[in-house]
Amino acid sequence: MGRECISLHIGQSGCQMGSTLWELYLLEHGIGNDGVVSPAIKEANRKVYESAYDTIFFESEGGQLVPRTIFADLEPSVTDEIRTGPYRSLFNPSQIINAKEDASNCYARGYYTMGRAILEESIENVRKQVEACDCVQSFFVFHSFGGGTGSGFSSLLLDHIASEFTSKSRLACAVYPSP
């Protein structure tokens with residue numbers, strides 16, 4: 001099929017946006033919390049099912065639709081909510097990455113120190129997502145410009161993605177801090 005999009009949800013804000021976003025995707029496409037499409041919906045939307053779902057989901061061997069996404073945060077509280085929340089069976093546990101200490105709202109800690117702790121795992125996860133695709137179209141990046149993980153680690157991760165996947169578009173949905 002081809003033309004898949006991979007979503008990256010980085011930092012507290014990005015992970016919270018991602019949690020809500022995937023909830024809306026499921027409601028919009030008639031997919032259950034566990035990633036299973038009811039046979040009635042699948043039959044009624046056969047043409048859509050065969051083409052559109054592949055853009056943001058991949059189908060596991062068991063028939064479950066798994067989001068093409070990665071959640072990464074240095075601080076575990078938001079990722080733990082995703083791991084234990086109502087959509088816990090939707091995501092592959094390896095898609096949810098966190099460290100044990102946050103970047104303390106400091107860009108430099110997210111980019112130069114704390115972010116390096118989860119960089120290799122995050123890049124490896126991005127590679128796996130790309131390898132599972134026929135033809136990646138783009139990366140959707142959800143993060144904030146405030147804080148240390150959303151700004152610092154996002155920059156670090158996107159630097160590596162830009163150097164490794166040079167021809168792929170990177171589209172950002174960023175939250176700006178308010179005074």
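Quick caveat: nothing in here was measured; it's all calculated off a predicted structure.
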Sidechain-backbone polar pair: Lys168 side chain, Val136 backbone, donor-acceptor under 3.5 Å: yes
Sequence-distant partners of Glu101, side chain to side chain donor-acceptor pair (under 3.5 Å), two or more places apart: Arg109
Cys135 backbone acceptor or donor facing Glu4 side chain under 3.5 Å: yes
Contact summary for Pro76 and Asn98, nearest pair of heavy atoms: CB-ND2, 3.2 Å
Ser104 side chain to Cys106 backbone, donor-acceptor under 3.5 Å: no
Sidechain N-carboxylate O distance under 4.0 Å for Glu120, Arg127: yes
Ser7 side chain to Thr69 backbone, donor-acceptor under 3.5 Å: no
Minimal non-hydrogen separation, Ser122 against Ala72, with atom names: OG-CB, 4.2 Å
Ser151 versus His143, side-chain donor and acceptor atoms under 3.5 Å: no
Which atom pairs, donor and acceptor, lie under 3.5 Å between side-chain atoms of residues 86-93 and protein residues at least two apart or in another chain?
residue : atom : partner : partner atom : Å
Arg88   : NH1  : Thr84   : O            : 3.2
Arg88   : NH1  : Gly85   : O            : 2.8
Asn92   : OD1  : Ser94   : N            : 3.0
Asn92   : OD1  : Ser94   : OG           : 3.2

Whether Thr20 side chain and Gln16 backbone form a donor-acceptor pair below 3.5 Å: yes
Asp73 CG to Ile97 CD1 distance, which is reported to the nearest 0.5 Å: 11.0 Å
Listed once per pair and sorted, the side-chain hydrogen bond (donor to acceptor under 3.5 Å, both in side chains) pairs that draw on residues 110-119, sequence neighbours left out: Tyr111-Asp159
Heavy-atom donor-acceptor pair, Tyr53 side chain to His29 backbone, under 3.5 Å: yes
